[in-house]
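Here is the structure we will look at, set down as structure tokens.
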Amino acid sequence: MSRPSIPKGTRDFLPAEVRKRQYIFDTIRGVFETWGYVPIETPAMELLETLLGKYGEEGDKLLFRILNNGDFLAKADREALAQMDSQRLALSIARRGLRYDLTVPFARYVVMHRHELSLPFKRYQIQPVWRADRPQKGRYQEFYQCDADVAGSDSLMYEAELVQIYDAVFRKLGLKVRIKLNNRKVLAGMAEVAGVADRFTDMTVAIDKLDKVGWEGVRAEMEARGIGAEAQQRLQAMLEARSVEALAEALAPSQTGRLGIEELQSVLAYLDGIELHNALLFDSTLARGLSYYTGCIFEVVVDTDAHPGVRMGSIGGGGRYADLTGIFGLKGVSGVGISFGAERIYDLLEELNLFPEGLARTLQVLGIAFDEATHRFAFRQISALRQAGIAADLYPEPVKLKKQMKYANAIGVPWVLLVGEDEMKTGKPALKNMHTGAQSAHTLSEILDILRADA
RNA sequence: GUGGGUGUAGCUCAGCUGGUUAGAGCGCCAGAUUGUGGCUCUGGAGGUCGCCGGUUCAAAUCCGGUCAUCCACCCCA
């Protein structure tokens, strides 16, 4: 056996890393709970029929498939096997796959449990998902998503509420962000007005590249995708509109466009007078994630004015999908939701040094003894502290003091309880403060007071 | 899935155009200091040079493959 390893794109986490991750999850969870969302969990595995075809052709390729147990070749598609047709063969030897996101399983969940749920159903879900993507910075094959979605209401109040949630979470994390808002109907309206409604997806793919390749690049992309020069001109003019009002005029000829504008205005009206700590920006060039969104779309990026030099893609996204559960046979249930990219948020907080102090510490006091007798005595003292709710531990052997002290220092415990022969006789262990180096003898109840006061 | 960079001690990295026992800093262990960590000093341990193959008298160094990782693209969180 050579060096042990783990699969590509997966990671182990050291205790300090887990603490930091939990800090992010706890912060997000706390905000979700405050806004009235309730937690659910779904299995890591779903049936492939649930997953396939929901994320486009690209998504199907990135699905992890789970090989059937037992003699899977017995039921394999022999023809596909003979023809070396991996795609088709896979269907006959794998019926399950790892979930790719939390939204599709949620839609499946709503349909399956519709009689047990009261609509609108506001759920949050913080669980790992898997994608057979090529790993990159901030991109892994196993990563957590933190989603909040509402099923069963068309109210635009929820769009406003989700903006608030983004704002509250990033405020608590100390990260300045820009919350970008757009509406798919507005984009559809633009396509109509420009006469390229039939080229809608091509248009959005091109627009989405704006911040990366500039207008010249976008127009080249449109050209390559069969959008003519005149349409390009009209699209650019509309996309350069700075305000909702300015765009409303341009979109007046399109009914869909007008509806999109109305929705945006309605969301903004809900937020009128609501204090936000991060910038909320209407951005008509926000065009990603359009496969199933039908109304408002959100994206969160780092505020590079507040945090100069940071280079990171989107750290959150979401939107409205008018027909959330239709693919699973339940019509008329609308959904709207957002997702936090916890892994990227982690990298950012790390880079910007925004994790609070003291996350790593839980153990408050470490007992240190000098010989067998004092070790047993210390065990009782430490037990008493634990009974009183103090996180306490005892070094397992009464070895050389220096070694025990080094260990205490290495794990960063703030207090050390020293128990020698004198301390055992007087019943007053020495409590040492590892930061100041000061130490003094105290009864157990005095020690308890000191530790409680410090906690 | 496409193209490129990197892979040397636990960590971060030196090692020129191939040439004897492969180095540094940090970390680790021990001692100075037999009831006191961090600081200092002294000493020590630790390396299949990612892996497989090829060229060569000789490969960490050159070539091919492979794996991992990073970057760009695609797509996305």
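Below, chain A is the first sequence line, B the second, and so on; all start at residue 1.
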Check your understanding: Base, sugar-phosphate, or nothing: which does A:Gly9 touch, judged by heavy atoms less than 4.0 Å apart?
Key -> sugar-phosphate
Review point. When all nucleic acid strands are considered with a 4.0 Å heavy-atom cut-off, which category describes A:Ser339: base, sugar-phosphate, or nothing?
Key: nothing
Considering only the [atom1] atoms, how many Å lie between [N] and [M], rounded to the nearest integer?
N: B:U40; M: B:G50; atom1: P; value: 33 Å
N: B:A77; M: B:A14; atom1: C1'; value: 38 Å
N: B:G46; M: B:G10; atom1: C1'; value: 9 Å
N: B:G23; M: B:A60; atom1: P; value: 14 Å
N: B:A59; M: B:U17; atom1: C1'; value: 14 Å
N: B:G1; M: B:C16; atom1: C1'; value: 39 Å
N: B:C67; M: B:G53; atom1: C1'; value: 14 Å
N: B:U69; M: B:G64; atom1: P; value: 22 Å

Check your understanding: Are there more than 12 heavy atoms of other residues, nucleotides or ligands under 6.0 Å from atom CZ of A:Phe25?
Key -> yes
Atom [atom1] of [X] and atom [atom2] of [N]: how far apart are they, to the nearest Å?
X: A:Tyr140; N: B:A68; atom1: OH; atom2: P; answer: 16 Å
X: A:Leu98; N: B:A77; atom1: CG; atom2: C1'; answer: 17 Å
X: A:Arg134; N: B:U2; atom1: CZ; atom2: C1'; answer: 8 Å
X: A:Gln141; N: B:C76; atom1: CD; atom2: P; answer: 17 Å
X: A:Asp101; N: B:C76; atom1: CG; atom2: P; answer: 12 Å
X: A:Phe143; N: B:C76; atom1: CZ; atom2: P; answer: 12 Å
X: A:Gln125; N: B:A77; atom1: CD; atom2: P; answer: 15 Å
X: A:Ile207; N: B:C75; atom1: CD1; atom2: C1'; answer: 18 Å

Could you tell me the Watson-Crick or G-U partner of [N], where both distances fall under 3.5 Å? Say none if there is no partner.
N: B:G7; result: B:C67
N: B:A72; result: B:U2
N: B:U61; result: none
N: B:A77; result: none

Using 4.0 Å as the upper bound for N to carboxylate O, is an ion pair formed by [Y] and [X]?
X: A:Arg11; Y: A:Glu343; answer: yes
X: A:Asp26; Y: A:Lys172; answer: no
X: A:Asp422; Y: A:Lys428; answer: no
X: A:Glu46; Y: A:Lys54; answer: no

Study note, to complete from the structure: Ordered by number, residues from residues 31-52 of chain A within less than 4.0 Å of RNA chain B (heavy atoms) are none
Practice item. For the pair A:Phe340 and A:Phe170, evaluate ring pair (Phe, Tyr, Trp, His ring centres under 6.0 Å) and give the outcome as yes or no after the intermediate values. Key: CA-CA 10 Å; A:Phe340 286 83; A:Phe170 287 113; 5.6 Å; yes
Review point. Which nucleotide in the set B:G1, B:A77, B:A68 lies at the smallest distance from any side-chain heavy atom of A:Lys8?
Key: B:A68
Exercise for review: Could you please name the option among B:U2, B:C70, B:C74 that lies closest to any side-chain atom of A:Lys212?
Suggested key: B:C74
**Study point:** Ring centres under 6.0 angstrom apart (A:Phe328, A:Tyr109)
**Key:** no
**Study point:** A:Arg99 (side chain) donor-acceptor with A:Thr42 (main chain) under 3.5 angstrom
**Key:** yes
Would you tabulate the side-chain donor-acceptor contacts of residues 143-150 of chain A under 3.5 Å, counting partners in other chains and residues two or more places apart, or write 'none'?
from: A:Asp147; atom 1: OD1; to: A:Ser339; atom 2: OG; distance (Å): 2.7
from: A:Asp149; atom 1: OD1; to: A:Arg123; atom 2: NH1; distance (Å): 2.7
from: A:Asp149; atom 1: OD2; to: A:Tyr321; atom 2: OH; distance (Å): 2.1

Revision key, fill the gap. Counting primed atoms, P, OP1 and OP2 as sugar-phosphate and everything else as base, the B/S/- map of nucleotides 27-40 of chain B against protein heavy atoms under 4.0 Å is --S-S---BBBB--
Review point. How far apart are the closest heavy atoms of A:Lys185 and A:Asn183, and which atoms are they?
Key: N-OD1, 2.7 Å
Point to revise | Base B:C76 paired with A:Arg344 side chain (donor-acceptor, <3.5 Å) | key: yes
Revision key, fill the gap. Between A:Asp133 and A:Ile6, the residue closer to the 5' end of RNA chain B by nearest nucleotide is A:Ile6
Exercise for review: Determine the interplanar angle of the A:Tyr407 and A:Tyr395 rings, folded into 0 to 90°, and report it as parallel if under 30°, tilted if 30 to 60°, perpendicular if over 60°.
Suggested key: perpendicular
